[in-house]
Undergrad: 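Structure in structure tokens, see below.
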Amino acid sequence: MDYFHRKNGELFCEDMKVSDIVRRYRTPLYIYSLKTQVHHFEVTSRAFRDIPHLICYAAKANSNIAFLKTAALYGAGADVVSGGELQLALKAGIRGERIVFSGVGKEDSEIELALKSGILFICAESLPELERIEAVARKLKIPAPVAVRVNPDIDPETHPYIATGLKKTKFGMAEKEAKKAYVFCQGKKWLNPVGISMHIGSQVEKVRPYYAAASKIIGLYKKLRKQSINLKYIDIGGGWAAHFERKNKLPHPDDYVSALYDLLKELPVTVIAEPGRSIIANAGILVTRVIDIKKSEIKRFCVVDAGMNDFIRPALYGAVHRIEPVGLKPGSKTTYDVVGPVCESSDFLGKGLRLPRVKRGDLLALFTAGAYGWSMSSNYNSRPRTAEIAVAGKRCFMIRRRETAADLLRGQSVKGIDRKLIEGLK
Ligand code: LLP
């Protein structure tokens with residue numbers, strides 16, 4: 001569901017004409033509908049209406065501080081995976097007690113920051129990590145609230161790069177190890193086991209694996225209760241699917257939650273959910289301008305000004321995103337590979353696409369770009385990263401300015417790299 005629509009063939013984001021926004025801010029450009037983000041918070045919290053819960057927006061999907069601030073104003077928390085994300089979330093006004101810290105490979109300095117921020121809990125990924133959390137907590141004299149992340153060994157039936165709940169992945173602990181982790185916490189003054197967590201993968205398009213994984217961790221939660229280990233939080237992770245095609249039949253947030261309802265009802269816990277993509281993916285588009293149409297012997301390439309550095313999902317996961325002209329004109333369609341200016345053959349936004357005939361200067365919109373779009377962008381090929389614009393009704397806000405050549409140089413230095421040095425290396 002999103003608030004992008006057409007009037008007389010022209011694409012609108014809420015009440016703003018996309019081509020008008022582009023005239024002001026140029027391309028490539030991420031444009032977001034704030035109403036769409038808020039709508040997805042609404043449907044997510046409505047899905048949990050009968051269960052005590054906290055939605056911790058997964059910042060990695062799109063960590064622009066404007067979206068973290070919307071999350072804060074909505075009353076949501078955040079799921080963070082680095083000191084950087086934690087600082088952004090705090091800066092956006094999300095209180096520590098509404099933030100959970102996930103991810104493999106937390107540095108001691110990040111654990112320290114999390115404890116000083118009064119975090120809700122840290123998801124412990126392994127026994128060695130738990131030992132480090134304890135050491136940091138002891139040093140700071142701040143008891144560490146922890147949740148053990150369980151790897152339920154369930155196939156989420158998604159792209160292998162974003163499947164995280166299988167035994168062969170680096171995430172979480174198997175049930176046996178998880179039990180050891182809780183035993184390890186017993187009697188430890190500086191460790192406070194408050195929760196159990198999972199995250200089986202992203203874009204999980206079926207309820208079944210989600211249910212299977214949740215059953216496992218809730219089973220473990222119950223076993224722990226029998227041993228008088230009473231946890232306050234069950235963190236079911238993120239991973240709910242976003243729509244890539246409007247006609248796709250995918251589970252609604254209600255479907256995921258109602259499948260878990262019987263497992264969760266009457267448990268004296270607060271459920272934590274960590275949705276990222278399902279909140280923000282459909283809120284964003286990437287607008288790009290056609291630089292050239294280039295014909296080879298076997299293909300017609302539509303060369304655009306957004307590359308894999310701006311949007312890496314097609315190159316990295318073979319992701320298929322809907323691409324349409326911003327101004328739709330009637331007429332015959334042609335097959336194009338829509339490619340960027342980066343020097344790699346994996347630099348494509350879409351392949352074999354049937355599009356109305358386009359020419360240099362035309363604008364194209366790539367949909368479902370709000371999640372893992374800008375947040376995964378880079379300066380590869382020394383390309384400045386794009387601006388981001390958020391729209392609310394008739395108003396638009398520049399939530400990130402376009403980078404310049406000066407930004408590319410920022411932090412770099414040639415000090416000490418002189419002729420004498422190079423001569424000496426010959
Ligand atoms: N919680 C944890 C612990 C996670 O690792 C993730 C995502 C989420 C929550 C949020 O998942 P979501 O609701 O957004 O599916 N770059 C990939 C997606 C990587 C997801 C990594 N973890 C992509 O573009 O598809």
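One-based numbering, in listed order, for ligands and for the atoms of each.
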Undergrad: Any chance the rings of F67 and Y57 have centres within less than 6.0 Å?
TA: no
Undergrad: Which of the atoms in ligand 1, numbered in the order shown and given with their element, are less than 4.0 Å from a heavy-atom of S102?
TA: 3 (C)
Undergrad: Fit a plane to each ring of Y74 and F41, take the angle between them on a 0 to 90° scale, and name the class: parallel (under 30°), tilted (30 to 60°) or perpendicular (over 60°).
TA: parallel
Undergrad: Any atoms of ligand 1 less than 4.0 Å from a non-hydrogen atom of G276? List them with their elements.
TA: 12 (P), 13 (O), 14 (O)
Undergrad: Heavy-atom distances under 4.0 Å are what count here, so tell me which part of Y161 touches ligand 1: side chain, backbone, both or neither.
TA: neither
Undergrad: Students should be able to answer this: which protein heavy-atom is nearest to atom 16 (N) of ligand 1, and at what distance?
TA: Y317 OH, 2.7 Å
Undergrad: List the closest protein heavy-atom neighbour of atom 4 (C) of ligand 1: residue, atom name, distance to the nearest 0.1 Å.
TA: K60 NZ, 3.1 Å
Undergrad: Please work out, at 4.0 Å between heavy atoms, whether the side chain, the backbone, both, or neither of M376 comes within that distance of ligand 1.
TA: side chain
Undergrad: Using a 6.0 Å cut-off, check whether atom OH of Y161 has over 12 heavy atoms from anything other than its own residue.
TA: no
Undergrad: Does a salt bridge link E14 with K35, judged by any charged N lying under 4.0 Å from a carboxylate O?
TA: no
Undergrad: Which bit of H199 is near ligand 1, meaning a heavy atom under 4.0 Å away: side chain, backbone, both or neither?
TA: side chain
Undergrad: Any atoms of ligand 1 less than 4.0 Å from a non-hydrogen atom of D79? List them with their elements.
TA: 1 (N), 2 (C), 9 (C)
Undergrad: Considering only heavy atoms, does R313 approach ligand 1 within less than 4.0 Å through its side chain, its backbone, both, or neither?
TA: side chain
Undergrad: Around atom 3 (C) of ligand 1, find the nearest protein heavy atom and jot down its residue, atom name and distance.
TA: E274 OE1, 3.5 Å
Undergrad: Are any of the side-chain nitrogens in K265 or D50 under 4.0 Å away from the carboxylate oxygens of its partner?
TA: no
Undergrad: Looking only at distances, can you tell me whether any N or O atom of S278, backbone or side chain, sits closer than 3.5 Å to an N or O atom of ligand 1?
TA: no
Undergrad: With a 4.5 Å limit on heavy-atom distance, are the side chains of H40 and N282 in contact?
TA: yes
Undergrad: Between D305 and R26, does at least one N-O distance fall below 4.0 Å, as a salt bridge requires?
TA: no
Undergrad: Under a 4.0 angstrom heavy-atom cut-off, which atoms of ligand 1 come close to A58?
TA: 8 (C), 9 (C), 10 (C)
Undergrad: Got the closest protein heavy atom to atom 15 (O) of ligand 1, with its distance?
TA: S202 OG, 2.3 Å
Undergrad: If you round to the nearest 0.5 Å, how far is CE of M308 from CZ of F348?
TA: 9.0 Å
Undergrad: Does the residue G239 have a heavy-atom contact with ligand 1, meaning some pair of atoms that are separated by less than 4.0 Å?
TA: yes
Undergrad: Tell me which part of V204 gets within contact of ligand 1: side chain, backbone, both or neither, using heavy atoms under 4.0 Å.
TA: neither
Undergrad: Quick one: which of K351, K294, K299 gives a salt bridge (Lys or Arg N to Asp or Glu O under 4.0 Å) with D337?
TA: K299
Undergrad: Would you call R149 and E129 a salt bridge, using N to O less than 4.0 angstrom?
TA: no
Undergrad: Side chain, backbone, both or neither: which part of R149 comes within less than 4.0 Å of ligand 1 when only heavy atoms are counted?
TA: side chain
Undergrad: Please state which protein non-hydrogen atom is closest to atom 19 (C) of ligand 1 and give its distance, to 0.1 Å?
TA: I162 CG2, 3.7 Å
Undergrad: Heavy atom under 4.0 Å from ligand 1: found in P275's side chain, backbone, both, or neither?
TA: backbone
Undergrad: Measuring centre to centre across the rings, with the benzene-like ring taken for any Trp, is F367 within less than 6.0 Å of H321?
TA: no
Undergrad: Are the charged groups of E125 and K170 less than 4.0 angstrom apart, N to O?
TA: no
Undergrad: How close does the nearest protein non-hydrogen atom get to atom 20 (C) of ligand 1, and which residue and atom is it?
TA: Y372 OH, 3.5 Å
